[in-house]
Number of protein chains: 2
Amino acid sequence: MSKGVRTRAAILGEALSLTSTDGLSGLTIGLLAERTGLSKSGLFAHFGSKEQLQVAVLEEAQACFTTHVIRPVLDLPRGLPRLEAFAEGWWTWNQKPPFPGGCPIQAASLELDDRPGPLRDEIAGAQRRLRAFIRQGAGMAVAAGHFRADLDCTLFAFQMVGIAFAQTMTCRLLGEPEGLDFVRRAWRAQVADAQRTTQTKTGEISHDQ
Amino acid sequence: MSKGVRTRAAILGEALSLTSTDGLSGLTIGLLAERTGLSKSGLFAHFGSKEQLQVAVLEEAQACFTTHVIRPVLDLPRGLPRLEAFAEGWWTWNQKPPFPGGCPIQAASLELDDRPGPLRDEIAGAQRRLRAFIRQGAGMAVAAGHFRADLDCTLFAFQMVGIAFAQTMTCRLLGEPEGLDFVRRAWRAQVADAQRTTQTKTGEISHDQ
DNA sequence: AAATTAAACGAACGATCGTGCTATTGTCAA
DNA sequence: TTGACAATAGCACGATCGTTCGTTTAATTT
């Protein structure tokens with residue numbers, strides 16, 4: 001590995017930490033240069049513009065999430081086991097991410113949702129891929145008979161994303177220690193609902209959706 | 001109403017718009033002065049510091065939420081009717097708030113969750129009050145017999161907050177037109193779960209939690 | 001209408017922002 | 001070991017940041 005690639009990786013690691021606490025807009029070249037021990041211009045040359053640096057940070061965050069949360073569960077059997085393991089991994093990631101602050105992508109999702117451009121596209125792509133992963137995971141659980149056949153997997157992903165956001169607010173902003181407990185119970189309720197066969201008041205089983 | 005109060009209100013209105021699109025860190029005194037037609041120093045004198053301006057913006061946002069979403073439902077009968085109306089009002093608020101961007105408090109909740117100080121305290125207080133309102137609303141629904149007696153109202157509020165965040169991500173960041181549909185279905189599922197009496201596999205009714 | 005207080009302005013401050021340049025240093029292959 | 005090239009530093013730029021101060025204009029009270 002050449003020198004340039006190595007320092008670039010070191011910069012991105014520090015940038016990820018900074019972004020996690022101060023957000024993408026708090027990520028400043030001068031501060032980042034100071035923390036990495038580089039000169040402003042020396043650091044700048046690695047990325048060409050601030051926006052490209054920010055995009056690189058978002059890509060790095062995604063890669064980090066993949067290795068920490070996604071990859072480990074791919075070895076597990078499809079369906080509910082994999083989905084449960086992913087859920088637990090995700091809650092752990094939100095609870096105690098590998099950087100000092102919260103998940104940068106989650107924060108950036110609300111920070112940049114009204115400012116079109118490459119940054120928002122990058123974040124939107126990340127969130128779309130994540131939701132697709134959940135949706136497919138739920139689909140496998142349906143195929144395996146773990147979930148009811150008429151489950152709306154897109155809605156399932158929507159609800160799971162909601163739990164993750166609520167977790168960050170409860171645990172990180174409010175600092176409530178029992179937050180993780182709520183997360184697990186909300187998740188259990190969602191899984192139970194996905195398993196329960198749809199019933200009408202008269203008791204017969206229905207499969208419309 | 002004296003002149004100072006009037007212009008201060010005008011400033012806060014414009015500041016709210018600016019914050020909704022660019023976030024609390026994007027709210028800058030120079031830009032705000034330009035948009036309101038005031039001089040930087042003239043505007044600055046109204047608040048004394050940038051942080052106090054930011055706090056004022058957050059207070060204004062809360063007041064706006066109260067008049068638009070909270071107050072209207074207080075006339076409705078307690079329990080499920082009021083809760084349903086609040087839900088619909090909240091989804092509408094998130095979908096099309098009275099400013100160009102998204103809800104500033106929601107965005108700030110993830111923007112400042114790692115930076116202690118008066119700003120974070122203000123946001124945390126707002127979120128705590130909101131959750132207490134939901135919790136009490138659910139409690140009234142339990143008291144009225146609309147929800148099952150063993151419902152955990154704190155968990156109920158947690159889940160509802162999650163739906164709101166997922167809405168913002170889906171509708172605002174991803175721009176999916178069917179987002180509001182998911183919101184309503186997720187909410188319906190949550191209400192149904194709160195109404196459903198807890199059952200064991202053997203069919204008898206249980207009330208443990 | 002005059003006196004008094006409140007509100008807004010204009011100019012400047014040091015600091016930091018992102019971004020160009022031109023050197024100088026360091027790294028690797030021939 | 002030297003030559004080529006990548007990597008970093010140094011310096012400066014215009015712009016903007018939050019903030020202070022003295023002055024001037026406007027509003028309110030007497």
Side-chain angles (χ1 to χ4, degrees), chain A residues 1-19 21-60 104 108 111-112 115-120 122, chain B residues 1-19 21-60 104 108 111-112 115-120 122:
Chain A
M1 184 160 55
S2 71
K3 179 95 189 300
V5 180
R6 231 176 311 133
T7 55
R8 190 190 144 103
I11 292 172
L12 281 181
E14 196 61 41
L16 211 46
S17 294
L18 224 166
T19 303
T21 58
D22 291 10
L24 264 186
S25 59
L27 173 66
T28 192
I29 293 183
L31 194 57
L32 189 54
E34 187 183 323
R35 295 212 189 171
T36 52
L38 293 178
S39 66
K40 260 174 58 172
S41 54
L43 188 149
F44 185 84
H46 280 273
F47 302 95
S49 78
K50 165 147 196 201
E51 197 174 55
Q52 286 177 260
L53 165 65
Q54 291 172 312
V55 169
V57 166
L58 289 176
E59 288 171 347
E60 180 75 6
E111 187 183 351
L112 301 177
R115 275 172 283 177
L119 283 181
R120 192 178 77 160
E122 184 67 39
Chain B
M1 183 160 57
S2 71
K3 177 95 190 298
V5 180
R6 230 177 311 133
T7 55
R8 190 190 144 103
I11 293 173
L12 282 180
E14 195 60 42
L16 211 47
S17 294
L18 223 167
T19 303
T21 58
D22 291 11
L24 264 185
S25 59
L27 174 66
T28 192
I29 293 184
L31 194 57
L32 188 55
E34 188 182 323
R35 296 213 188 172
T36 52
L38 293 178
S39 67
K40 260 173 59 171
S41 55
L43 188 148
F44 184 85
H46 280 273
F47 302 96
S49 77
K50 165 146 195 199
E51 196 174 54
Q52 286 176 261
L53 165 64
Q54 291 172 312
V55 169
V57 167
L58 289 176
E59 288 170 347
E60 180 75 7
E111 186 183 352
L112 300 177
R115 273 172 284 177
L119 282 182
R120 193 179 75 161
E122 184 66 39

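FYI, side chains are in, hydrogens and waters are out, and symmetry mates aren't considered; it's all heavy atoms of this structure. Sequence lines set the chain letters: A, B, ... in the order given, protein chains first and strands last, and positions in each chain run from 1. What you see is a predicted model, and the numbers here were worked out from it, not measured in a lab.
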Given C:dT16, is OP1 or OP2 found less than 4.0 Å from the side-chain N or O atoms of A:Thr28? no

Say you draw a straight line from OG of B:Ser25 to NZ of B:Lys50; how long is it, rounded to the nearest 0.5 Å? 7.0 Å

Among D:dT28, D:dA9, D:dT20, the one nearest A:Leu38 by side-chain distance: D:dA9

Atom CG of A:Leu53 and atom C1' of C:dT19 are separated, to the nearest Å, by 13 Å

D:dA27 OP1/OP2 closer than 4.0 Å to side-chain N/O of B:Ser2: no

Of B:Gly42 and A:Ile29, the one whose nearest nucleotide on DNA chain C sits closer to the 5' end is B:Gly42

OP1 or OP2 of C:dA7 less than 4.0 angstrom from a side-chain nitrogen or oxygen of B:Lys3, does that happen here? no

Using atom CD1 of B:Ile11 as one end and atom P of C:dC9 as the other, report the distance to the nearest whole Å. 9 Å

Could you state the atom-to-atom distance from CG of B:Asp22 to P of D:dT16 in whole Å? 15 Å

Could you check whether A:Ala45 gets within reach of a base, just the sugar-phosphate, or nothing at all, counting any heavy atom under 4.0 Å? base

Check the distance between C:dG10's P and B:Leu43's CG and give it to me in whole angstrom. 14 Å

Check this one for me: any side-chain N or O of A:Ser41 less than 4.0 Å away from OP1 or OP2 of C:dT19? no

Kindly point out which of C:dA8, D:dA9, C:dG20 is positioned nearest to the side chain of B:Ser39? C:dA8

Side chains of B:Leu16 and B:Val57 in contact at under 4.5 Å (non-hydrogen atoms): yes

Roughly how many Å is it from CD in A:Glu51 to C1' in C:dC17, rounded to a whole number? 16 Å

A:Glu34 CD to D:dT8 P: how many Å, rounded? 18 Å

Does the B:Glu122 side chain pair with the main chain of B:Leu58, one donor and one acceptor, at a distance under 3.5 Å? no

From CG of B:Leu32 over to P of C:dA8, roughly how many Å is that when rounded to an integer? 13 Å

With nearest nucleotides of DNA chain D determined for A:His46 and B:Lys40 from heavy-atom distances, which residue corresponds to the more 5′ nucleotide? A:His46

Run through B:Leu24, B:Leu32, B:Thr28 and flag the one making a side-chain contact (heavy atoms from CB on, under 4.5 Å) with B:Leu18. B:Leu32

Going by heavy atoms in the side chains, are A:Ile11 and A:Phe47 under 4.5 Å from each other? yes

When we call it a touch if two heavy atoms are under 4.0 Å apart, what does B:Gly37 touch: a base, just sugar-phosphate, or nothing? sugar-phosphate

Walking DNA chain D from its 5' end, the first of B:Ser49 and B:Arg6 to be reached, judged by nearest nucleotide, is B:Ser49

d(CD, B:Gln52; C1', D:dT19) in whole Å: 13 Å

